[in-house]
Undergrad: 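One structure, as structure tokens, below. Some questions next.
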There are 2 protein chains.
Amino acid sequence: MSAQVSSARRRPRPEPGDEACDLVHLDPVRVARVRERQIRPAHAVILAETFRLLGDPTRVKLLDALAAEELCVCDLATLVGGSVSAVSHQLRSLRALRLVRTRRDGRMVYYSLDDAHIVSLLHQGRRHVEEVGQAPAGGRRRGGRG
Amino acid sequence: MSAQVSSARRRPRPEPGDEACDLVHLDPVRVARVRERQIRPAHAVILAETFRLLGDPTRVKLLDALAAEELCVCDLATLVGGSVSAVSHQLRSLRALRLVRTRRDGRMVYYSLDDAHIVSLLHQGRRHVEEVGQAPAGGRRRGGRG
DNA sequence: AGGATACTTGAGCGCTCATTCAAATGTCCG
DNA sequence: CGGACATTTGAATGAGCGCTCAAGTATCCT
């Protein structure tokens, strides 16, 4: 672990024949090692897409509320403190990604969760936030367990 | 479970004295029940903020790469396939939220992960994506293992 | 000191996205 | 059928974001 780990880290001048791309100064050993375990680009996109859905306070509240039980749009709107229209729009996105499903009962439409993975992710995140209980930007603490 | 669970669900006409807000048709029992378990709005914002950071392919790749080992900016740029500047901007966001930390070694700046919770979330998500291996929008399958 | 390297930063731009408002759809009741 | 209700949808608007480009900072080597 100390013989030839870094090929660029201590190199005074990069040789001209080295550059295969814009970057002539990278560490090929390290890069190759990471590449083996690296997530596939397509998967990164899908994963980001999934996390992006959770990256909005309204949707977080929506999914969190639905984790308790199924709810109609107007109850959801009340619970998350938004307009019925706004909530409906968000539910549409959630439904498009199959995160929630609907059930009609007369005029009412009841929403419920449809993806156990998301619920797991959400709850894990919620647990973390409630543990630290700090604002993330500027004032966040690591290991704020006590 | 069938006595008086729903006050609005089967009510023909809402009485005029009922409306305390814009919504005159909600189910107070259900709403109250969910409210007890509901995430606090401030926590929802923090949680969304956290997930939002993970809601970008470049940042997902960045964090995923750093989960393997510490890396300098130019290696990261190579691994995620972006410009050094773009990567540096993203790392700035990540650093602001204390998701990554830096270590200087001469001219190089090495980044590494600084939040175990995020890593856990990321890996959990990655595992899920690699299990289903399907695009989320339009063609997603649940339990698409076979 | 001077030049090269590794990274950061600020401005600007195009794009996405969450919300609002207004209108439409579908359902129940008389 | 006609009115009230629950929800959906489309257009418009405004804010935020990620990228590029160009300059700036910090470090190393001679």
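Values reported hereafter were calculated over all heavy atoms of this structure, with side chains retained and with hydrogens, waters and symmetry mates removed. In the text below, chain A, chain B and the rest are named by the order of the sequence lines, each starting its count at 1.
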Undergrad: Can you measure A/D105 atom CG to D/dT7 atom P for me and round it to whole angstrom units?
TA: 11 Å
Undergrad: Using a 4.0 Å cut-off on protein heavy atoms (strictly under), produce a 5'-to-3' string for nucleotides 9-19 of chain C with B for base contact, S for backbone-only sugar-phosphate contact, and - for none.
TA: BB------SSB
Undergrad: Taking only residues two or more places apart in sequence, or in another chain, which ones meet A/A42 in a side chain to side chain contact (heavy atoms under 4.5 Å, CB included)?
TA: none
Undergrad: Enter the distance from B/F51:CZ to A/L121:CG here, rounded to the nearest 0.5 Å.
TA: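 Interatomic distance, B/F51 CZ to A/L121 CG, rounded to 0.5 Å: 5.0 Å.
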Undergrad: Could you state the CE-C1' distance from A/M108 to D/dC5, rounded to the nearest angstrom?
TA: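 These atoms are roughly 10 Å apart.
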Undergrad: So what does the secondary structure string of DNA chain C come out as, 5' to 3', with Watson-Crick or wobble pairs under 3.5 angstrom, [ ] for crossing and | for pairs with another strand?
TA: ||||||||||||||||||||||||||||||
Undergrad: Ignoring backbone atoms, test whether B/Y111 places a side-chain nitrogen or oxygen under 4.0 Å from the OP1 or OP2 oxygen of C/dT8.
TA: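 Result: yes.
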Undergrad: Would a 4.5 Å heavy-atom cut-off, applied to side chains only, mark A/L66 and A/S112 as touching?
TA: no
Undergrad: Using whole Å, what does the distance between atom P of nucleotide C/dT5 and atom CZ of B/R104 come to?
TA: 16 Å
Undergrad: May I have the list of side-chain donor-acceptor pairs in residues 79-95 of chain B shorter than 3.5 Å, sequence neighbours left out?
TA:
residue, atom, partner, partner atom, Å
B/S83, OG, B/A86, N, 3.0
B/Q90, OE1, B/R59, NH1, 2.9
B/Q90, NE2, B/D56, OD2, 3.4
B/S93, OG, B/H89, O, 3.4

Undergrad: Could you check which of C/dA6, D/dC5, C/dT8 has an atom nearest any side-chain atom of A/R107?
TA: D/dC5
Undergrad: Hey, what do you get for CG (A/L63) to CZ (A/R126), rounding to the nearest 0.5 Å?
TA: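 If I round to the nearest 0.5 Å, the distance is 12.5 Å.
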Undergrad: When the distance from OH of A/Y110 to P of D/dT7 is rounded to whole Å, what number comes out?
TA: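 To the nearest whole Å, that distance equals 8 Å.
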Undergrad: Could you pull out all residues at least two apart from B/S120 that satisfy side chain to side chain contact (heavy atoms under 4.5 Å, CB included)?
TA: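 For B/S120 the side chain to side chain contact (heavy atoms under 4.5 Å, CB included) partners, ignoring immediate neighbours, are A/Q124.
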Undergrad: Atom CD in B/E70, atom CZ in A/R30: separation rounded to 0.5 Å?
TA: 5.5 Å
Undergrad: Whole-Å distance between C/dC7 C1' and B/L71 CG?
TA: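 Value for this atom pair: 15 Å.
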Undergrad: Taking only residues two or more places apart in sequence, or in another chain, which ones meet A/R40 in a side chain to side chain contact (heavy atoms under 4.5 Å, CB included)?
TA: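 Partners of A/R40 under the side chain to side chain contact (heavy atoms under 4.5 Å, CB included) test: A/H43.
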